[in-house]
Amino acid sequence: MFRHQKELQFEIKVDRPDPQLAKQVQEVLGGQFGEMTVMMQYLFQGFNCRGEEKYKDMLMDIGTEEIGHVEMLCAMISQLLDGASPDDQAKAAQDPATAAIMGGINPQHLLVSGLGGMPTNSNGVPWNGAYIVASGNLLADMRSNLHAESQGRLQVARLYHMTRDEGVRAAFRKMLARDRYHQYQWMAAIEELEQSNGVVVPASFPPEAELESQPEAYKFWNLSEGQESKEGLWATGSAPDGTGDFVYEADPVPLGNIPNPEIPAPSLHHDLDGKKFKNSDQE
C-alpha cells in the first residue's frame with residue numbers, strides 16, 4: 001500500500017522561470033539514470049525480493065523515497081515553466097533576445113504536458129522500462145543500484161553548475177546529499193552480502209564448477225596497443241576472494257578454431273554458392 005502526503009520531502013522554490021533549464025532537468029527525471037529509473041528499479045527489486053526481510057524493507061523504503069524525488073522534480077519543472085506560452089515560441093523566431101531566453105524550450109512542455117514534467121529525458125525520448133535492473137540476485141542488484149546512484153549524482157552535479165538559480169541549487173544540494181547517502185547504503189549492503197556469499201556473482205556457481213576453465217579466471221589478455229594496463233592490480237594482484245593470483249598475458253594467442261559454417265539452402269537467396277538464377281521462381 002502506498003500513501004501520498006501533500007508536502008514534498010524537501011522544499012522546491014525556484015528563483016525565476018527558466019524553460020531551457022526545465023528541459024535540461026528532464027534528464028534527471030526521465031533519463032536512463034534519472035529518478036524514474038531508480039524509483040522503478042528499487043521498487044521492482046523490493047516487490048520481487050525473497051529471503052531476508054531487512055533487504056526487502058530497505059528497498060521499499062528507498063524506492064518509496066524516490067517516488068517523492070520524482071514529484072519534487074515535476075514541481076521544479078513546473079515552476080521553471082511558469083509563464084511560458086506558445087507566443088513565446090513564436091517571438092523567439094523573431095527577436096534574438098527572446099530566442100536566447102526561450103529558444104531552448106522543449107516544445108512538448110507546451111504541446112503535451114501543459115507546462116509540467118514529463119516521463120522523458122532532456123531530448124524528449126520516453127522513459128524506458130529496460131533501464132531498470134531487478135534480477136532477483138541481491139548482490140548483483142545492489143551493484144546495479146550503486147552504479148545508478150553514481151551516474152545519477154554525477155548528472156545532478158553537472159546540472160548544479162549549469163544554473164545560478166539559488167532555489168534550484170538548494171533543491172539539488174538536497175538531492176546530491178541523498179544520492180551520496182544512497183551510495184553509502186548500497187556499498188554497505190554490498191559489503192555485507194560479499195562477506196556472507198563472496199564477491200563473485202552468482203555465489204551458487206563456485207569456481208570449482210568451472211572445471212578445466214578455472215585458470216581463465218585470473219588472466220589479463222593484452223589486446224590493445226601498449227602494455228600500460230599491466231600496471232594495475234587487476235593484472236598483477238590477487239583475486240579479491242583469495243582464490244588465485246592474476247597473470248598478465250602480454251602476447252596472448254587465440255585458443256579457438258576458425259568458424260566454418262555450412263552454406264544454407266539456395267532458397268534463402270544468400271548468393272553464396274556462385275549459381276546464377278534467371279528468375280525468382282527458378283529452383
Side-chain angles (χ1 to χ4, degrees), residues 1-2 32-67 127-154 178-224 229-230 232-249 252-257 259:
M1 181 180 73
F2 290 90
Q32 181 180 2
F33 300 109
E35 297 295 334
M36 285 190 62
T37 293
V38 291
M39 172 188 77
M40 295 293 281
Q41 181 156 308
Y42 305 161
L43 288 177
F44 269 87
Q45 289 176 8
F47 293 150
N48 298 331
C49 187
R50 301 167 185 256
E52 199 164 354
E53 187 65 24
K54 69 178 181 181
Y55 294 113
K56 180 182 181 72
D57 193 33
M58 180 258 286
L59 286 164
M60 296 305 298
D61 285 338
I62 306 305
T64 303
E65 178 181 355
E66 300 295 0
I67 299 177
W127 183 83
N128 192 323
Y131 293 157
I132 75 166
V133 174
S135 70
N137 182 290
L138 280 172
L139 180 53
D141 284 351
M142 299 303 173
R143 287 174 172 170
S144 294
N145 296 348
L146 178 58
H147 170 245
E149 289 287 352
S150 301
Q151 293 291 338
R153 189 172 192 269
L154 174 62
R178 292 307 294 165
D179 286 351
R180 180 157 62 94
Y181 168 70
H182 292 161
Q183 289 186 48
Y184 295 150
Q185 164 199 307
W186 301 128
M187 284 189 280
I190 288 168
E191 181 180 3
E192 190 173 279
L193 289 164
E194 286 178 345
Q195 288 177 354
S196 61
N197 296 328
V199 300
V200 177
V201 176
S204 52
F205 199 99
E208 54 267 25
E210 295 165 2
L211 302 178
E212 78 287 348
S213 298
Q214 288 189 68
E216 301 304 324
Y218 308 105
K219 296 178 182 178
F220 184 96
W221 284 40
N222 176 39
L223 294 173
S224 63
S229 55
K230 69 180 180 182
L233 290 177
W234 53 82
T236 60
S238 298
D241 54 9
T243 57
D245 296 326
F246 297 135
V247 176
Y248 186 81
E249 296 281 355
V253 296
L255 303 177
N257 59 309

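Nothing fancy with the numbering, it's 1 onward along the sequence.
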Under 3.5 Å, side-chain donor or acceptor atoms of residues 206-218 against the rest of the protein: list the pairs with distances, not counting sequence neighbours.
| unit_1 | atom_1 | unit_2 | atom_2 | d |
| --- | --- | --- | --- | --- |
| Glu216 | OE2 | Lys219 | NZ | 3.1 |
| Tyr218 | OH | Thr243 | O | 3.3 |
| Tyr218 | OH | Thr243 | OG1 | 2.8 |

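- Side-chain N/O atoms of Gln41 and Asp141 include no donor and acceptor closer than 3.5 Å.
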Query - Leu154/Phe33 under side chain to side chain contact (heavy atoms under 4.5 Å, CB included): CA gap, chis, key distance, verdict - result: CA-CA 10 Å; Leu154 174 62; Phe33 300 109; over 6 Å; no

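- For the pair Leu59/Leu43, no side-chain contact is recorded, criterion being any heavy-atom separation below 4.5 Å from C-beta on.
- A salt bridge is absent between Glu35 and Arg178: the closest approach of a Lys/Arg side-chain nitrogen to an acidic carboxylate oxygen does not fall below 4.0 angstrom.
- Contact between Trp221 and Val253 at its shortest, heavy atoms only, is CH2-O, 3.8 Å.
- For the pair Pro240 and Val199, the tightest heavy-atom approach, listed with the atom from each and the gap, is CB-CG2, 4.1 Å.
- Salt bridge annotation for Arg143-Glu194: present, with a cationic side-chain nitrogen under 4.0 angstrom from a carboxylate oxygen.
- Under the ring pair (Phe, Tyr, Trp, His ring centres under 6.0 Å) criterion, the residue pairs touching residues 185-215 are Tyr42-Trp186, with sequence neighbours excluded.
- In this view, Tyr181 satisfies the side chain to side chain donor-acceptor pair (under 3.5 Å) rule with no residue, not counting sequence neighbours.
- A 4.5 Å side-chain heavy-atom check between Thr236 and Tyr248 finds every atom pair outside the cut-off.
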Requested in this report: Show your reasoning for whether side chain to side chain donor-acceptor pair (under 3.5 Å) applies to Glu192 and Tyr55.
Outcome: CA-CA 11 Å; Glu192 190 173 279; Tyr55 294 113; 2.6 Å; yes

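- Considering only heavy atoms from C-beta on, Gln185 stays 4.5 Å or farther from Met142 through its side chain.
- Using a 4.5 Å heavy-atom threshold, the side chains of Ile132 and Trp127 count as touching.
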